[in-house]
**Q** 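Structure below; questions to follow.
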Number of protein chains: 2
Amino acid sequence: MNVSLRQLRAFVAVARTGSFTLAAESLFITQSALSGLIKELEQTLGLKVIDRSTRRIHLSDVGRNLYPLVDKILHDLDGILDEVASLKALKKGLVRVAAPQLMASTLLPEVIAAYARVHPEVTIRLVDCVVESVISRVFSGEVDFGVGPEREPNSDIAADTLFELPFMAVFPPGHRLAARPDLRWADLMGHPFISLQGQFTERLTGDLRQAVRDLTLAPTNEVAFMSTALAMVSAGLGVTVCIPYAASLVRLYRLEMRPLSDPVVARRFYVFTRDGRSLSPAAESFRAFLHAYVAEHPF
Amino acid sequence: MNVSLRQLRAFVAVARTGSFTLAAESLFITQSALSGLIKELEQTLGLKVIDRSTRRIHLSDVGRNLYPLVDKILHDLDGILDEVASLKALKKGLVRVAAPQLMASTLLPEVIAAYARVHPEVTIRLVDCVVESVISRVFSGEVDFGVGPEREPNSDIAADTLFELPFMAVFPPGHRLAARPDLRWADLMGHPFISLQGQFTERLTGDLRQAVRDLTLAPTNEVAFMSTALAMVSAGLGVTVCIPYAASLVRLYRLEMRPLSDPVVARRFYVFTRDGRSLSPAAESFRAFLHAYVAEHPF
DNA sequence: ATGCGTTTATAAGGTAATCCGATGAATGTC
DNA sequence: GACATTCATCGGATTACCTTATAAACGCAT
């Protein structure tokens with residue numbers, strides 16, 4: 001029995017209004033179109049569901065039994081379609097974003113606050129974790145997408161460049177480095193260098209050696225979190241480097257940031273998504289918003 | 001959002017099978033037709049519900065939420081359509097028939113038994129009542145149709161002739177009337193006449209006076225039920241008349257029936273339905289069966 | 001009984017949805 | 001890189017649905 005939704009909607013509209021003419025109006029079609037829908041429905045079912053003449057309309061016995069059941073189904077379906085429309089219109093939605101701790105405590109809260117002003121009904125759930133967890137959380141589906149620095153390519157993960165920014169020197173106000181007009185990596189060599197554990201230091205060391213053969217970065221301390229590093233710099237225990245997106249945190253510690261050259265070493269940050277998997281409307285919206293925000297707010 | 005049932009069925013089939021090709025087979029359409037249905041569904045909804053390549057298929061986030069809800073709706077709808085199909089195929093159904101006591105204790109039980117042998121899943125509910133109630137029960141919708149003798153026409157009630165049969169004399173075996181070769185109404189005049197209350201006698205008296213001016217039927221007793229009349233005839237308290245469809249009851253009382261002429265007075269019996277209202281498949285089936293039964297079993 | 005206003009049914013023609021068969025493009029495996 | 005298989009697209013045909021016009025039916029008033 002190949003009945004159609006249009007036919008069922010026509011039937012319910014007639015049952016509700018008691019008139020073909022009024023039912024047609026309620027469905028925004030002409031009376032003759034509605035008459036044809038009812039005729040085809042009855043032919044497909046093989047029995048009458050509406051007894052009518054030009055002056056009277058009644059549901060048949062079968063029609064009377066059918067009406068509340070079909071009415072409920074259409075009501076449920078319309079509820080589902082409304083739900084989808086709400087998701088599409090960003091009238092509701094949930095976005096889960098994984099990001100490393102530094103991202104999660106500097107850039108992203110700003111972007112999320114700005115986004116909430118535009119789309120208050122969408123919930124952004126920030127999942128802060130170590131850099132190495134970002135991609136695995138994306139892969140597992142635990143989050144909609146992740147934000148973080150470049151890592152080994154993975155065929156199941158798509159990486160979309162968010163920004164590429166250079167490292168900058170960070171030191172306390174009044175530090176001897178503050179007096180130099182143009183800072184070079186070599187200038188940092190005479191000072192205790194505080195770095196981050198893991199690929200941060202490995203990649204940095206590799207990049208420097210590749211650019212200047214005898215430039216060797218020997219961290220005097222390797223800590224897990226940038227906030228620890230900044231606190232130590234603030235305490236006069238050395239200097240560090242970081243990417244400009246963390247400027248807000250550097251200012252919080254009342255530290256100074258200066259560009260570094262010879263060489264300029266940059267890091268790319270990406271939005272990671274599962275390859276071949278679409279984002280929900282809300283996630284796609286926030287992803288695009290993040291890209292636009294970063295493009296509009298140079299650090 | 002004008003989605004169609006075909007599109008929703010396509011979506012659920014893909015979700016269930018994990019393949020466009022297998023989903024198309026399960027819906028008895030080609031793979032390209034199914035591909036088009038999914039494409040149109042996503043265009044109508046304005047978002048992706050299925051992420052796919054030539055080698056992989058996943059439901060999107062929205063698709064994953066949508067699937068169980070749509071699946072349930074389609075399951076419920078198919079249940080309803082199966083119900084309608086069962087009603088149409090007479091695999092289920094209830095028919096309520098109103099009939100006068102005499103009809104209800106002679107003809108109709110026979111017909112219902114015969115019908116049950118052909119359509120065991122249909123329930124026939126016999127509502128026995130006085131003649132005058134038959135039409136009002138049809139009118140009120142309390143029964144699907146009624147069976148009974150002619151009464152004043154009513155524009156809301158349609159009357160479809162079931163049979164037209166003549167009155168016959170009823171008397172005990174060995175009665176003086178049994179010796180006569182051809183009985184005439186005048187022959188009954190010399191005997192106590194037991195009649196039925198109400199329009200039975202009024203209509204009969206009117207018909208007889210209309211045919212033969214000085215033929216006056218003066219019942220010596222008027223009772224409510226034919227069974228009472230037959231019992232009294234059996235006890236030798238008089239004679240009566242009745243319509244041949246009640247022959248089984250007359251035999252039960254071991255009485256004899258003979259045709260009556262000068263005049264032949266016939267009564268029409270009808271199937272009464274509400275005008276402009278269709279019968280359910282089961283009711284229509286039983287109504288047709290009743291007509292056929294009566295045509296095939298002359299009394 | 002007749003005329004009238006209004007409602008449902010039908011006809012003709014047009015558009016949208018759905019379908020088929022053929023084939024292109026993509027993809028994982030060998 | 002070749003191959004088998006799956007999804008996407010194209011062109012054409014059919015079906016479902018729609019509009020406008022109009023016929024048929026019907027309850028009411030006269």
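Order of the sequence lines fixes the chain letters, A, B, ..., with proteins taken first and strands second; residue numbering starts at 1 for each chain.
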**Q** Need one value for L34(B): base, sugar-phosphate or nothing, where a base atom within 4.0 Å counts as base even if backbone is also close, heavy atoms only.
**A**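 Counting heavy atoms under 4.0 Å across all strands, no contact is made by L34(B).
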
**Q** Do D156(B) and R56(A) meet the salt-bridge criterion of a basic N to acidic O distance under 4.0 Å?
**A** yes

**Q** Using the test side-chain hydrogen bond (donor to acceptor under 3.5 Å, both in side chains), find all partners of R209(B) that sit at least two apart in sequence or belong to another chain.
**A** none

**Q** Under the side-chain hydrogen bond (donor to acceptor under 3.5 Å, both in side chains) test, which residues partner D78(A), sequence neighbours left out?
**A** R9(A)

**Q** Take atom CZ of R9(B) and atom C1' of dA17(C), then tell me their distance rounded to the nearest Å.
**A** 16 Å

**Q** Using only atom types and a distance under 3.5 Å, with no angle test, would you say the side chain of R64(B) pairs donor to acceptor with the backbone of L59(B)?
**A**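 Yes, because the side chain of R64(B) sits within donor-acceptor range (under 3.5 Å) of the backbone of L59(B).
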
**Q** Please list, chain by chain and in numerical order, all residues satisfying side-chain hydrogen bond (donor to acceptor under 3.5 Å, both in side chains) with E284(B), sequence neighbours excluded.
**A**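 side-chain hydrogen bond (donor to acceptor under 3.5 Å, both in side chains) list for E284(B), sorted by chain: R287(B).
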
**Q** What pairs with T273(B) under side-chain hydrogen bond (donor to acceptor under 3.5 Å, both in side chains), at least two apart in sequence or on another chain?
**A**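 T273(B) satisfies side-chain hydrogen bond (donor to acceptor under 3.5 Å, both in side chains) with no residue once adjacent residues are dropped.
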
**Q** Provide the full list of side chain to side chain donor-acceptor pair (under 3.5 Å) pairs with a residue in residues 19-28 of chain B, sequence neighbours left out, each pair given once.
**A**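 Not a single pair qualifies under side chain to side chain donor-acceptor pair (under 3.5 Å).
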
**Q** Side chains of D51(B) and S278(A) only: does a donor on one sit below 3.5 Å from an acceptor on the other?
**A** yes

**Q** Taking ring pair (Phe, Tyr, Trp, His ring centres under 6.0 Å) as the test, write out the residues that go with F269(B), two or more places apart.
**A** F163(B), Y245(B)

**Q** Round to a whole Å and report the spacing from CD of E42(A) to C1' of dT8(C).
**A**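 Rounded to the whole Å, the gap is 12 Å.
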
**Q** Who pairs with H119(B) by ring pair (Phe, Tyr, Trp, His ring centres under 6.0 Å), at least two apart in sequence or on another chain?
**A** Y115(B)

**Q** Quick one: R6(A) CZ to dT15(C) P, roughly how many Å, whole number?
**A**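 The answer, rounded to whole Å, is 18 Å.
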
**Q** Indicate whether OP1 or OP2 belonging to dT10(C) is found under 4.0 Å from a side-chain N or O atom of K39(A).
**A** yes

**Q** The criterion is ring pair (Phe, Tyr, Trp, His ring centres under 6.0 Å); which residues satisfy it with Y270(A), sequence neighbours excluded?
**A** F272(A)

**Q** Between K72(A) and D76(A), is the closest basic N to carboxylate O distance under 4.0 Å?
**A** yes

**Q** Round to a whole Å and report the spacing from CD of Q7(B) to C1' of dT18(C).
**A** 10 Å

**Q** Below 4.0 angstrom, N of the basic side chain to O of the carboxylate: do E121(B) and K91(B) qualify?
**A**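 No.
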
**Q** Once you build an axis from the first five pairs and another from the last five of the helix from dA1(C)-dT30(D) to dC30(C)-dG1(D), how far apart in angle are they, to 10 degrees?
**A**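 If I round to tens, the end axes sit 30° apart.
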
**Q** When you measure from every atom of DNA chain D, which of residues 11-26 of chain B have a heavy atom less than 4.0 Å away?
**A**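 Of all residues in residues 11-26 of chain B, the ones placing a heavy atom under 4.0 Å from DNA chain D are S19(B), F20(B), T21(B).
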
**Q** In whole angstrom, give the distance that lies between atom CG of N2(B) and atom C1' of dA16(C).
**A** 11 Å

**Q** Counting primed atoms plus P, OP1 and OP2 as sugar-phosphate and everything else as base, spell out the protein contacts along nucleotides 20-30 of chain C at 4.0 Å heavy-atom distance: B, S or - for each nucleotide, 5' to 3'.
**A** BBB--BBBS--

**Q** When the distance from CG of L37(A) to P of dT8(C) is rounded to whole Å, what number comes out?
**A**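 The answer, rounded to whole Å, is 14 Å.
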
**Q** What are the bounds, 5' to 3', of the part of DNA chain D that sits under 4.0 Å from heavy atoms of chain A?
**A** dC17(D) to dG27(D)

